[in-house]
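These figures come from a predicted structure and were not determined experimentally.
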Amino acid sequence: MGARYVPSCLLCIALGLCSTLAADDSGSNGSSVNTTRPPHIVLVVADDLGWNDVPFTRTNICAIHTPTLSKLADEGVVLMNYYVQPICTPTRNCIMSGRHPILTGLQHGVIRDAVPNGLPLNETTMPQMLKKYGYATHMIGKWH
């Protein structure tokens, strides 16, 4: 079978490495303390990622060595059937708001510098929801 290409594929890795950690506390009473932490969530969005561009798809075609990304994929959850919009702004709108871009007015183009529109301020974003559950959030990269 030929190489399968998935334009603008979303690679999402949710790490469960710290979902349930049982810390053995050798305190004065000798009891152990169970500490439950929410799982780490790491979203990696790669525009124009092809199916064979990463080794964890197990196609044995990718010649690129990505040990860290492969480890994250092996120890986490990789969503392989969740595809994104054809350009960046609608894609990030969906990820951040959970809503289809047509519902937020961000379906047609890319938000550029000094453009007075964007995600409506009344939309609840994923980082806002995660903060309600005790997560610290951070973004590296671009919006559009």
- Task: Not counting sequence neighbours, which residues clear side chain to side chain donor-acceptor pair (under 3.5 Å) with N117? List them please.
- Result: none
- Once you round to the nearest 0.5 Å, how far does CD of Q128 lie from OG1 of T125? 3.5 Å
- Task: Would you check if R92 and C88 make a side-chain contact, meaning some heavy-atom pair closer than 4.5 Å?
- Result: yes
- Would a hydrophobic clustering, with Ile, Leu, Val, Met, Phe, Trp and Tyr connected at side-chain separations under 4.5 Å, put V45 with L130? yes
- Straight-line distance of I111 CD1 to T89 OG1, nearest 0.5 Å: 4.5 Å
- Message: Taking side-chain contact (heavy atoms from CB on, under 4.5 Å) as the definition, give me every residue that meets it alongside Q107, ordered by chain and number, with sequence neighbours left out.
- Response: P101, I102
- Item | Contacts of T124 that satisfy side chain to side chain donor-acceptor pair (under 3.5 Å) - sequence neighbours left out | none
- May I have all residue pairs that pass salt bridge (charged side-chain N to carboxylate O under 4.0 Å, His left out) and include part of residues 100-111, sequence neighbours excluded? none
- Task: Could I get the full list of side chain to side chain donor-acceptor pair (under 3.5 Å) partners for T104, not counting sequence neighbours?
- Result: N93
- The complete set of salt bridge (charged side-chain N to carboxylate O under 4.0 Å, His left out) pairs with one or both residues in residues 94-110, sequence neighbours excluded, reads R99-E123
What pairs of donor and acceptor atoms, side-chain ones from residues 132-141 against any protein atom, are under 3.5 angstrom apart with sequence neighbours left out?
{"from": "Y135", "atom 1": "OH", "to": "P39", "atom 2": "O", "distance (Å)": "2.7"}

- Note on the structure: T66 meets the side-chain contact (heavy atoms from CB on, under 4.5 Å) criterion, sequence neighbours left out, with P55, I64, L69, S70
- Query: Does the side-chain contact (heavy atoms from CB on, under 4.5 Å) test come out yes or no for C62 and T57, once each step is laid out?
  - Reply: CA-CA 9 Å; C62 180; T57 58; 5.9 Å; no
- Item | CE on M126 to SG on C94, rounded to 0.5 Å | 11.0 Å
- Message: As an exercise, state the distance from CG of L43 to CD1 of I95, rounded to the nearest 0.5 Å.
- Response: 6.5 Å
